[in-house]
Amino acid sequence: MECDKKYITIQQLEQHNKAGDLWVSINGKVYNVSDWSKYHPGGETPLLNLAGKDVTDAFTAYHPTTAWQYLNKFFTGYRLKDYEVSEVSKDYRNIIHEFTKAGMFENKGHTAVFTLTSVAAMFGFVFYGVLCCNSLWVHLCSAMVLGMAWIQSAYIGHDSGHYIVMSGHGWNKFVQLITGNCLTGNCLTGISIAWWKWTHNAHHIACNSLDYDPDLQHIPVFAVSSRLFNSVTSSFYGRKLEFDYMARILISYQHWTFYPIMCVARVNLYIQTLLLLFSKRQVQDRTLNIMGIIVFWTWFPLLVSWLPNWSHRVMFVLTSFVVTSIQHVQFCLNHFSANVYVGPPNGNDWFEKQTNGTLDISCSPWMDWFFGH
């Protein structure tokens with residue numbers, strides 16, 4: 001009955017916008033996720049970034065339809081008194097409904113199986129080339145193939161990190177731990193999926209926000225906007241991104257240093273992985289992630305040590321890293337050249353900011369596999 005419903009205003013909702021007092025609204029109903037945020041599979045950061053706001057579009061985008069059944073236990077009993085939906089959001093929700101009804105979001109495991117098979121074949125070639133051949137050219141080719149295998153592992157790991165490649169949560173997690181994701185990985189790539197989830201979910205929620213999206217916060221090495229010259233405070237890292245003397249010098253030459261840095265950018269991901277896994281921050285599946293990293297740092301050094309001399313070893317490592325730079329550049333192209341903004345997204349403009357901060361680069365169909373579909 002309408003007269004029995006309780007209402008609060010958007011301004012009242014916005015007051016519950018911090019850890020320990022975290023409310024959100026979905027379709028006009030208000031939910032208290034203060035305690036749940038610690039157990040949120042996507043981490044606490046996405047919830048904090050949208051705390052005190054309507055999150056209908058973001059919730060729809062990043063949760064399966066089965067997640068809706070769990071919302072009632074967080075319902076406060078309140079509804080938004082002045083809840084309105086923008087025309088763009090209405091269109092977006094209609095599209096999601098039509099795509100879902102057409103079965104376009106159904107998991108198609110055969111694509112993941114094909115990619116995993118190709119990755120296994122590439123790793124087989126790499127091990128054969130290193131262990132069974134002494135030719136410099138074979139070792140060079142093996143290093144290039146290893147870089148490609150890491151790239152494809154990252155793509156399938158990225159998709160499994162979004163729980164979209166296999167039919168069940170358990171199988172998706174298995175694929176994550178084996179392959180890794182979005183330039184990350186455990187056993188095969190040496191970069192933690194926990195680190196990827198921590199940064200990548202925050203990136204998706206606040207795509208191309210200079211102070212909320214960690215994928216744009218590369219001071220003092222790179223700056224994607226002159227607004228960063230004002231020393232923006234990072235909401236993600238909880239510190240000020242100082243545009244100091246060193247940053248001024250490095251960014252002045254970023255048009256020359258970008259590609260060389262991309263060639264060794266993988267080293268930074270290894271460092272970030274170790275910093276997170278051995279920090280005091282709450283990390284989901286920390287033990288599994290550490291075990292995966294141990295596996296990588298066991299097989300990779302042993303494989304490199306099998307090469308006949310140090311010139312082959314240095315060439316092998318550098319070549320494999322340079323090949324993976326293709327993927328680093330690709331991700332930078334998707335966002336570095338798109339529009340940016342300051343602050344968190346709001347409920348009614350979330351979809352607009354997502355599309356405004358992303359570039360789609362159209363490629364020939366034969367390149368689909370190369371770029372992770």
Please answer: with hydrophobic residues joined when any side-chain heavy atoms are less than 4.5 Å apart, are [X] and [Y] in the same cluster?
X	Y	answer
Val322	Val138	no
Leu146	Val119	yes
Leu269	Phe331	yes
Leu333	Ile151	no
Val267	Met315	yes

Below 30° counts as parallel, above 60° as perpendicular, anything between as tilted: where do the rings of [X] and [Y] land?
X	Y	result
Trp150	Phe296	tilted
His200	His204	perpendicular
His218	Phe336	tilted
Trp36	Phe74	tilted
Tyr270	Trp297	perpendicular

Just by modelled atom types, is the [Y] backbone N or O under 3.5 Å from a matching donor or acceptor in the [X] side chain?
X	Y	value
Gln327	Thr324	no
Trp198	Thr45	no
Asn208	Val340	no
Asn94	Lys90	yes
Thr199	Trp195	yes
Arg79	Lys6	no
Ser89	Val85	no
Ser225	Arg227	yes
Ser320	Ala143	no
Asn334	Leu359	yes

Using every non-hydrogen atom in the two residues, find where [X] and [Y] come nearest and quote the distance to one decimal.
X	Y	answer
Glu44	Ser37	OE2-OG, 3.2 Å
Ile251	Pro220	CG1-O, 3.7 Å
Asp54	Leu13	N-CD2, 4.4 Å
Val323	Met148	CG1-N, 3.7 Å
Ala58	His63	O-ND1, 4.4 Å
Ala194	Ser192	N-OG, 2.9 Å

Distance (rounded to the nearest 0.5 Å) between [X] [atom1] and [Y] [atom2]:
X	Y	atom1	atom2	result
Ile10	Gln15	CD1	CD	13.0 Å
Leu50	Asp57	CG	CG	10.5 Å
Leu48	Asn17	CG	CG	9.5 Å
Arg286	Ser279	CZ	OG	5.5 Å
Gln217	Thr233	CD	OG1	10.0 Å
Ile205	Lys353	CD1	NZ	13.0 Å

For atom [atom1] of [X], decide whether the heavy atoms of other residues, nucleotides or ligands shown that lie under 6.0 angstrom number more than 12.
X	atom1	answer
Asp35	CG	no
Phe229	CZ	yes
Met262	CE	yes

*Think Lys29 forms a cation-pi with Tyr78, using NZ or CZ under 6.0 Å from the six-ring centre and within 45 degrees of its axis?*
no
*Would Arg239 count as a cation-pi partner of Tyr237, with NZ or CZ less than 6.0 Å from the six-membered ring centre and within 45° of the ring normal?*
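Yes, Arg239 sits over the ring of Tyr237.
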*Show the numbers, then the answer: is there a ring-ring contact (aromatic ring centres under 6.0 Å, His included) between Tyr212 and Phe236?*
CA-CA 6 Å; Tyr212 279 80; Phe236 181 80; 9.9 Å; no
Is any side-chain heavy atom of [X] less than 4.5 Å from a side-chain heavy atom of [Y]?
X	Y	answer
Gln12	Lys81	no
Tyr62	Pro46	no
Tyr39	Val33	no
Gln152	Met122	yes
Thr60	Phe351	no
Ile290	Phe278	yes
Cys207	Thr358	yes
Thr9	Leu80	no

*asked:* Quick one, Leu136 with Phe316, criterion side chain to side chain contact (heavy atoms under 4.5 Å, CB included). Give me CA distance, side-chain angles, the key distance, then yes/no.
replied: CA-CA 9 Å; Leu136 172 65; Phe316 184 87; over 6 Å; no
*Looking at the rings of Phe370 and Tyr155, which for Trp means the six-membered one, are their centres under 6.0 Å apart?*
no
*Does the separation of the ring centres of Trp306 and Phe300 fall below 6.0 angstrom?*
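No, the ring of Trp306 stays outside the 6.0 Å limit from the ring of Phe300, centre to centre.
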*Under the side chain to side chain contact (heavy atoms under 4.5 Å, CB included) criterion, do Thr189 and Arg266 qualify, and how do the steps go?*
CA-CA 10 Å; Thr189 58; Arg266 195 172 192 83; 3.4 Å; yes
*side chain to side chain donor-acceptor pair (under 3.5 Å): which pairs involve residues 128-142, sequence neighbours left out?*
His139-His312
*Assess whether side chain to side chain contact (heavy atoms under 4.5 Å, CB included) is satisfied between Thr76 and Tyr31, documenting all intermediate values.*
CA-CA 5 Å; Thr76 61; Tyr31 300 94; 5.6 Å; no
_Please determine whether side chain to side chain donor-acceptor pair (under 3.5 Å) holds for the pair Ser118 and Thr115, giving the CA-CA distance in whole Å, both sets of side-chain angles, and the decisive distance to 0.1 Å._
CA-CA 5 Å; Ser118 65; Thr115 303; 5.2 Å; no
*Checking side chain to side chain contact (heavy atoms under 4.5 Å, CB included) for the pair Ile219/Glu242: CA distance, chi angles, key distance, verdict?*
CA-CA 7 Å; Ile219 297 288; Glu242 296 284 356; 5.9 Å; no
_Evaluate Ser209 against Asp211 for side chain to side chain donor-acceptor pair (under 3.5 Å), listing each step before the verdict._
CA-CA 6 Å; Ser209 168; Asp211 49 343; 2.9 Å; yes
